[in-house]
Trainee: 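Would you mind keeping the following structure in view while I ask a few things?
So you know, we letter chains A, B, ... as the sequences are listed, proteins then strands, and number each from 1.
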Amino acid sequence: MDYLKELNPAQRAAVENTEGPSMVIAGAGSGKTRVLTYRIAHLINKGADPFTILALTFTNKAAREMKERISLLIGGTEARNIWMGTFHSIFARILRIESEKLNYPSNFSIYDTTDSKNLIKAIIKEMGLDDKMYKPGYVLNRISSAKNSLISAKAYAQHPEITADDETSGRPKMALIYREYNLRLFKSSAMDFDDLLYKTNVLLRDFPETLHKYQHKFKYIMVDEYQDTNFSQYLIVKKLAALNENLCVVGDDAQSIYGFRGANIENILNFKKDYPDYGLYKLEQNYRSTKNIVAAANSIIAKNRNQIEKKVWTDNGSGELIRVVRSLSDNDEGLFVSNDIFSNQAETGDAYRDYAILYRTNSQSRAMEEGLRKLNIPYRIYGGQSFYQRKEIKDILAYYRLTANPHDEESFKRVVNYPARGIGKTTLEKMAVAADAAKVSLWSVITENLDSLPVNAGTRKKLDEFAVMIKSFRAEAEKTDAASAAEHIAKSAGLLRELYADKSPEGLSRYENVQELLGGIREFAENEENTADGEKPKLADFLVDVALLTDADQEDGDDNKVNLMTIHASKGLEFGHVYIVGLEENLFPSQLSLSERSELEEERRLFYVALTRAEKRAVLSYAMSRYRYGQLNHCEPSRFIEEIEPDFLDMPELRSARPHRERFDSFDETPWGGGSSPFGKSGYTRNTSPQKSEPRRPTPAPPTSGGKQLKRVTQARTQGAPDADTGSSSADIVTGARVEHAKFGKGKVLNVEGEKATVFFPSVGQKQLLLKFAKLKVLA
DNA sequence: TTAGTTCGGGTTTTT
DNA sequence: CCCGAACTAA
């Protein structure tokens with residue numbers, strides 16, 4: 001029991017009180033994972049059977065890491081038997097066991113978001129609805145929210161408020177789409193992500209003996225990241241825990257960032273209603289970050305209204321102030337951050353893997369990547385387009401899925417004519433009509449009713465050949481292991497040949513990706529953990545989990561690389577040095593969150609999460625202009641920067657000058673700084689400014705004191721590659737010069753300020769252009 | 001039926 | 001700017 005000594009009193013209480021309901025409120029960096037792992041280890045040490053422990057985590061990766069840590073604590077291989085995983089993967093597993101109760105085969109497919117959207121798209125088309133009104137993404141969101149609130153298609157159609165909503169928004173057919181969508185999923189023997197939870201609820205509701213079975217089985221239940229659970233998940237947990245009530249939920253309301261996906265903070269706030277005699281444990285000591293970071297984070301989260309009272313504190317040193325830096329553009333931001341990592345790394349000797357760049361949206365990674373590449377800094381991007389989302393991977397997996405479950409409509413449609421075998425749109429439409437009329441799957445149409453399909457003999461033959469091929473794959477997959485079957489199918493279907501033929505760089509990378517997938521399957525097949533009764537796993541076994549894997553679940557490797565990811569993806573991680581980039585209004589907080597207080601608060605929690613990832617150093621960065629839809633936009637610094645107690649910030653540039661005597665706000669009409677604006681001690685410039693709620697920030701101050709920031713930016717630029725070829729050197733572009741622009745035609749330069757020029761074009765009027773991007777040709 | 005091209009529309013976050 | 005979808009030519 002030595003390990004108990006490694007815990008502080010609060011942690012230890014949470015670990016030792018294993019009986020009865022308890023809630024652990026764990027501040028950022030307070031050793032939440034430690035508590036969970038020690039608690040489970042403790043249970044096992046006290047004699048609990050690992051098979052009776054259910055631990056629900058947010059990601060597969062979290063589950064895997066926790067298992068490893070538990071193994072280290074208790075030794076042996078027992079940890080392997082704990083039921084630990086994400087809600088989705090654990091209940092998919094249970095649903096496969098109990099599938100026949102729900103009239104599903106155990107090898108049902110799992111549709112990912114893309115599959116779901118495609119299906120909805122097809123339905124909307126078949127119903128002859130306007131796809132501008134009924135956007136697949138919107139429709140899926142709506143259905144998803146319904147499912148996560150356990151509202152069936154029938155209940156949806158009868159719900160007065162919901163239908164009224166749909167009516168007024170001009171989408172009266174929503175309920176019908178929902179019904180048809182479910183029907184089609186069922187016909188395909190498929191479930192979408194939300195079904196995995198929804199159907200589990202149905203199972204536990206309609207089959208009391210099954211509920212009892214699992215209530216008895218799971219004597220101890222633990223839920224990580226409880227603040228991110230939705231109603232559907234909440235109810236599953238409540239039902240399963242009802243018998244023993246040995247339920248321990250762990251979370252932090254301040255880190256709830258999945259509200260958009262139906263997560264419900266109320267679950268945390270309401271815990272005491274369901275379990276009045278619960279034990280409450282607050283972990284408030286932060287072991288991760290410096291005092292400055294903890295205090296800054298506290299000051300930010302204090303702006304939120306709804307929260308459980310707690311005070312996170314730390315014994316760690318004060319550390320550096322949090323630096324705030326500004327760049328001219330998104331590209332400059334990339335250069336600055338890379339440069340700063342480069343010099344800081346050289347100075348501290350810390351490993352590259354100790355650095356993270358966090359952003360709000362995936363699209364921001366590009367500018368960062370470019371900067372890092374220029375300095376030859378190794379980096380790794382998490383998320384973005386997940387490996388499993390890539391077209392070539394989805395294609396090959398569709399073959400595997402179809403092999404395991406030929407009724408899978410989305411997989412069928414994806415591969416029936418890939419590689420091209422002359423089965424085109426027209427044929428597919430006829431098949432869809434036939435399938436709908438007979439209320440069967442597309443597969444049934446070509447295997448059972450092919451003769452009645454109104455197509456010519458040639459097409460019929462092609463369809464039959466396709467069916468024969470898939471059947472042969474099924475036979476192959478039955479008798480050999482996953483790796484051999486996977487390779488056989490990839491080859492026989494003509495996929496590998498197709499990809500190999502493409503010698504373009506993208507084609508090459510697609511081929512490599514497929515090889516990587518095959519390698520992964522080989523590894524899976526050789527892994528002893530997956531062998532059952534001395535037999536190597538089958539292809540179907542590989543497919544069970546693959547739909548639920550995401551990029552974040554891929555092996556980390558020991559690569560020493562700078563980490564790039566969205567803030568969402570960074571949850572639960574920590575890094576010595578954290579750069580939070582793109583801190584601009586409308587980006588972070590996102591434009592879409594500004595209308596509602598609750599959503600703005602979620603953005604703020606997101607910022608809190610980002611900041612609390614940092615151990616010793618945090619840098620906040622924003623740019624003054626950024627490309628969006630290929631267009632340059634002016635940006636304002638994020639309100640979150642202002643919301644931090646200034647005592648914890650090192651923010652020279654907000655008090656000092658912008659580079660040169662630049663004046664970005666175009667209200668100022670004076671061409672070039674004749675009066676050289678005396679540090680806009682408000683009053684001068686405020687006239688036209690369309691003030692928002694916030695007071696206007698004091699405009700630029702003396703050029704001289706801006707040295708620090710200025711130097712960084714320019715240095716970044718010079719250290720990067722020499723200016724991209726703009727046709728003519730930017731030196732020629734001076735005030736008064738006549739220039740030509742590809743789009744706007746001829747114009748006259750009114751003003752040049754550093755990177756930026758104001759040019760007048762007779763065609764479109766006055767334009768602000770960044771010299772680096774606008775390929776201006778200087779006319780004699 | 002397919003391949004190649006233009007066109008229009010879209011970026012929040014993910015199991 | 002980048003992608004997919006619709007459109008157009010073989």
Trainee: Which residue lies toward the 5' end of DNA chain B, F193(A) or T459(A), if each is placed at its nearest nucleotide?
Mentor: T459(A)
Trainee: K135(A) has a side chain; which of dT15(B), dT14(B), dG10(B) sits nearest to it?
Mentor: dG10(B)
Trainee: Send over the distance from Y258(A) OH to dT13(B) P, rounded to a whole Å.
Mentor: 11 Å
Trainee: Considering only the C1' atoms, how many Å lie between dG4(C) and dT13(B), rounded to the nearest integer?
Mentor: 22 Å
Trainee: Would you call the rings of F607(A) and F640(A) parallel, tilted or perpendicular, where under 30° means parallel and over 60° means perpendicular?
Mentor: parallel
Trainee: State yes or no: are the ring centers of Y400(A) and F542(A) separated by less than 6.0 Å?
Mentor: no
Trainee: How close or far is atom P of dT15(B) from atom CG of D115(A), stated in whole angstroms?
Mentor: 15 Å
Trainee: For K121(A), answer base if it contacts any base atom (sugar-phosphate contacts may also be present), sugar-phosphate if it contacts only those atoms, and nothing otherwise; contact means non-hydrogen atoms under 4.0 Å.
Mentor: sugar-phosphate
Trainee: Please determine if a side-chain N or O atom of N362(A) lies less than 4.0 Å away from the OP1 or OP2 oxygen of dT14(B).
Mentor: yes
Trainee: Nearest whole angstrom, please: distance from the P of dT15(B) to the CG of D224(A).
Mentor: 14 Å
Trainee: Given atom CD of E585(A) and atom P of dT12(B), what is their separation to the nearest angstrom?
Mentor: 17 Å
Trainee: Can you see if the side chain of T566(A) gets near the phosphate of dT14(B) - specifically, an N or O under 4.0 Å from OP1 or OP2?
Mentor: yes
Trainee: Taking the side chain of T361(A) as heavy atoms from C-beta outward, which of dT15(B), dT14(B), dT12(B) is closest to it?
Mentor: dT12(B)
Trainee: Please compare E599(A) and T426(A) by the position of their nearest nucleotide in DNA chain B and report the one closer to 5'.
Mentor: T426(A)
Trainee: Students often mix this up, so state it plainly: with edges at 30° and 60°, are the rings of Y214(A) and F218(A) parallel, tilted or perpendicular?
Mentor: parallel
Trainee: Any base atoms under 4.0 Å from Q591(A), or only sugar-phosphate, or nothing? Heavy atoms, all strands.
Mentor: nothing
Trainee: Whole angstrom is fine here: how far is it from CZ in R366(A) over to C1' in dC1(C)?
Mentor: 8 Å
Trainee: Quick check on the 6.0 Å ring-centre criterion: do Y104(A) and F186(A) meet it?
Mentor: yes
Trainee: Rounded to whole angstroms, how far apart are CG on D131(A) and P on dG4(C)?
Mentor: 17 Å
Trainee: To the nearest Å, give me how far apart OH (Y388(A)) and P (dT14(B)) are.
Mentor: 17 Å
Trainee: To the closest 0.5 Å, what do you measure between OG1 (T459(A)) and CD1 (I423(A))?
Mentor: 8.0 Å
Trainee: Establish whether the base of dT1(B) is bridged to the side chain of T427(A) by a donor-acceptor pair shorter than 3.5 Å.
Mentor: no
Trainee: Just call it for T86(A): base, sugar-phosphate, or nothing, with non-hydrogen atoms closer than 4.0 Å on any strand.
Mentor: sugar-phosphate
Trainee: Nearest-Å distance, CD (Q389(A)) to C1' (dT14(B))?
Mentor: 10 Å
Trainee: Does N417(A) reach a base, just sugar-phosphate, or nothing at all? Heavy atoms under 4.0 Å.
Mentor: sugar-phosphate
Trainee: Could you tell me whether the side chain of R605(A) and the main chain of S256(A) form a donor-acceptor pair under 3.5 Å?
Mentor: yes
Trainee: Once you apply a heavy-atom cut-off of 4.0 Å, does F588(A) come out as touching a base, just sugar-phosphate, or nothing?
Mentor: nothing
